[in-house]
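Working notes, beginning with the structure itself.
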Amino acid sequence: MASFETAVSTVAPRSAGTTFGIGRSREFGRNWAKARRFALSLPLSLALAILLVFAVECISRNSVQETVAYFLDPMRPAWTTVGIFLLVSLTLDALFGRQHIGMLILAPLAVVPALISHQKQVFLSDPLYPTDFLFGRQIMELMPVLVRDRPWTAVGIVVGSVLAIVAIGWLARFAWRRFPKLARKPRLARLAVSVPLLVSFYNIMDYNDFSWLRDRLNVIPIMWDQTENYRHNGFAMAFALNLPMANVTAPAGYMIDAIDNIPVKPVPAGTSHRGKPDVIVLMSESLWDPTRLPNVKLSPDPMPTIREMQSGNVFSPEFGGMTANVEFEALTGFSNAFLPYGSIPYQQYIRNPIPSLATFFRGEGYVARAVHPFQKWFWNRSAVYAAFGFQDFRSEENMPVMQKRGIFASDESLTKEIIRQADAMDDPFFFFTVTLQGHGPYEANRYAKNTIKVEGTLPDADRQVLETYAQGVKEADDSLKKLMDWAKERDRETIIVIFGDHLPPLNTVYTSTGFMPGVTASRKGPLDQMKAQHETPLVVWSNKTGPVKDIGTISPAFLSYKILQQGGFEHPYYTGFLGNVFDRHHVIDRYMLIGADGKDTTNWARQKTIDETVRDYRFLQHDMMFGKRYGTDRFFESHAELFPTQPAM
C-alpha cells in the first residue's frame, strides 16, 4: 500500500506538468494561427482592393490597356483609389464582424455603376454622374425601347443580373458561415485606423476648395472637362468628385454692386404696332438634317418645308439626349455653360420660381401653356413648368389619346391637338411644345413603310436605322407644313418656331458614313467640327411676314431674344440684355464662344480675363437661380409681379 501511494505521489506531478505543457502548446498554436490569419488578412484585403479597382476601370474604360496605363502612371491616383477601397472594406469588415465581407459588399456597389457608365458612354458619350440616379425612373420607362433596339443585349443583361444576384446571395451566405470572425479588439483597431482616414478623404472631395492633401495624392478635379476628369482620376474618384455638383458657388465678384452696375436699356411701353401675336414654339425631338451625312443620298428630301423656311441653326450643348438641358436654355434665356459640367438644372436646381418666357408672356396678358405627349413627371417637368410660370401643362395624363408611331405619340397627332387647343383660345397664347416621335432608338420596323430611300454603301443594320430616322424627319416636316397651312388662314398673327434639341443617337451610322470618327459627338474641338456635330435646324416664321432669314448659328439661350424680337416685344432682359450679349456672341458654350463675326474663342472660361458681357450674363444667371435676386425688379419686372413673395434660393 505504501509503495502504491509512493508511486502515485511520484507520478502525479509529472502528469500535471505534462498536461500544463500541452495546454500552453495548444494555446500558443491557436494564437499563432490567429496571428498568421491576421497577418495574411491585410495583404489579401489589399489584393482584393487592387483587383476590384482594376475591374471597375476595365469596365468603365472598356480597355485593359488604358487601365494598365492608369495603374502605372504615378501622376494619376490609381493607388489612392485602391487605398480608399481598402479602407472602406476594412470598415465594413469591422462593422459586420467578418474578415473580407466588406469587399463582398463593396464589389457590386462599385461594379454596377461602372457597367452603367460604360453603357451611358456608348449612347451619350458622357460617363455616369451621381445626378443620373435622380432620373432612374425615366430610364426604366424607356427600357422597352432599348430592349426592342438590342434584344440580345437585353437578354444578356437580364440573365447576367439574375446570375449575379444568385451568386451574391450564395457568397453572402457562404461568407457569413465560413469567413473568420473578428474579435472585439481587432474590430475596434480597424475602425480606429480606417474611419479617420476615410474622413480625411471625404474632406478633400469638395473641388471648390484647394486641398494640399488632394494635390499630393494627384487627385485633380477637372470639372470643366468630365471626359478628362474620369480618364485622369478614374471612375470611382471622378464619380466622388462630382457628388458636390449641386453646390454651385457664386462667381468671383458677384455682389449687389455688380448687378446694379449692369446697364439696362430703357424699354418702350407696350408692344409693337402689330399687336400681340400668338406664339407656338416646337422643340422637335432629335430633329436634324440627315442629308448632312456624307457618302449617302436620301431621296426624296425628307425636310423640304424646313429647308425652304430655315432661319439658321441652334448650337445644341448636348448630343443624343439630355433634352431638358436644351429646353432649360430655350425657356429661361440662361446658359448651361455657367453650370457644373454634367449637371441637369431640371433635376437639381429648379426648386423656386425662375423667370422664363412663360412669365414674360403672362406679364403681357397671354395664356402660357406647356404641351408634351408623355407623362408629366418625365424630366421633372410638372414641377419645373410651374416654377417657370406656366399656368397649365397638358401632358399624356390630361390630353386625348394620340395616335402612335412606334411606341411614341406621332407628330401628326400632336399637331392636330395643338391646332384644337389653339382654336379654343380667345386670349393671345404662348404654347411651348416638346414633340416625342423623333425619340431614338430607331428600330428597323418602327414604321410599316419608309418612304425615304437611302442610297450608298452602308451595312444593312445602319441603312435600316437611317431609313427609320429619315422617315421620322419627313413626318415632322409634314406636320410643320400642316401647322403653317392652318396658321395662314388665321387673322391674328401667329409666330411658329421649330428647332431640334440635339443630333439623334444614330450610333454606327455616323462612323459608317464617315460623318465622325466615333458614335458620339465631341464635346470640344475645332469650330467646323463642333458646328457639324452640334447644329440642328431652326425655323422662325410668321403667317404675316414669312420666315426670318440669316439668323445664323445661335445658342438655345438666344431663342427667347429672337422670338420676342420677331413678335415686336421689348424686355429689359430678354431683348435688352440678351440683345447686347448677342451683338457680341452668338454661341456661348462651355468650351467655346462664337462671336457675331463667326470667329471662335476656345477655353474662354479658363482665361484670366473674361469678356464683360459674358461676366455680367453669368452674374445675372447666378443672381436669379442661386443668389439674392438683386436684379429682379430691373430685369424681370413681370416675374416680380407674378412671384412677389418668393424667397431667394
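Residues Phe636 and His571 are in side-chain contact: their nearest non-hydrogen atoms beyond the backbone lie under 4.5 Å apart. Annotation: side chain of Lys562 is not in contact with side chain of Ser311 (no heavy-atom distance under 4.5 Å). Thr291 places a side-chain heavy atom less than 4.5 Å from the side chain of Arg307. A 4.5 Å side-chain heavy-atom check between Ser512 and Val509 finds every atom pair outside the cut-off. At a threshold of 4.5 Å between non-hydrogen side-chain atoms, the residues His586 and Thr553 do not count as touching. Counting heavy atoms from C-beta on, the side chains of Thr511 and Thr508 come closer than 4.5 Å. In this structure, Tyr617 and Leu578 have side chains that are in contact, with non-hydrogen atoms separated by less than 4.5 Å. Looking at heavy atoms from C-beta onward, Phe328 lies in side-chain contact with Leu339 at the 4.5 angstrom threshold.
When all heavy atoms of Thr536 and Gly500 are compared, the closest pair comes out as OG1-O, 2.7 Å. Nearest heavy atom pair, residue Ser555 against residue Val587, reads OG-CA, 3.3 Å. The minimum heavy-atom distance between Pro547 and Trp541, with the atom names listed, is N-CD1, 3.5 Å.
In this structure a side-chain-to-backbone donor-acceptor pair under 3.5 Å is missing from Asn543 to Ile496. The closest donor-acceptor contact from the side chain of Ser316 to the backbone of Asp501 lies under 3.5 Å. Although no hydrogens or angles enter the test, the distance criterion places a donor-acceptor pair under 3.5 Å between the side chain of Gln391 and the main chain of Ala368.
In this structure, the ring of Tyr573 has its center less than 6.0 angstrom from the ring center of Phe334. The ring of Phe430 has its center no closer than 6.0 angstrom to the ring center of Tyr366. Here Phe388 and Phe390 keep their ring centres 6.0 angstrom or further from each other. For Phe515 and Trp288, the ring centers sit closer than 6.0 Å to each other.
For the residue pair Gln566/Thr545, the side-chain donor-acceptor check at 3.5 Å is satisfied.
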**Request:** Could you check Glu467 against Gln471 for side chain to side chain donor-acceptor pair (under 3.5 Å), going step by step and ending with a plain yes or no?
**Result:** CA-CA 6 Å; Glu467 286 178 350; Gln471 182 65 28; over 6 Å; no

**Asked** Given the rule in the salt bridge (Lys or Arg N to Asp or Glu O under 4.0 Å) test, do Lys481 and Asp477 qualify, once you have shown the distances and angles that lead to the verdict?
**Response** CA-CA 6 Å; Lys481 184 178 185 304; Asp477 191 84; over 6 Å; no

**Request:** Check the pair Tyr574, Phe569 against ring-ring contact (aromatic ring centres under 6.0 Å, His included), reporting the backbone distance first and the verdict last.
**Result:** CA-CA 9 Å; Tyr574 287 114; Phe569 294 100; over 10 Å; no

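Within the structure, every pair that satisfies the salt bridge (charged side-chain N to carboxylate O under 4.0 Å, His left out) test and touches residues 531-540, not counting sequence neighbours, is listed here: Arg292-Glu535, Lys531-Glu535.
Under the side chain to side chain contact (heavy atoms under 4.5 Å, CB included) criterion, Ala324 pairs with Tyr346, Trp379, sequence neighbours left out.
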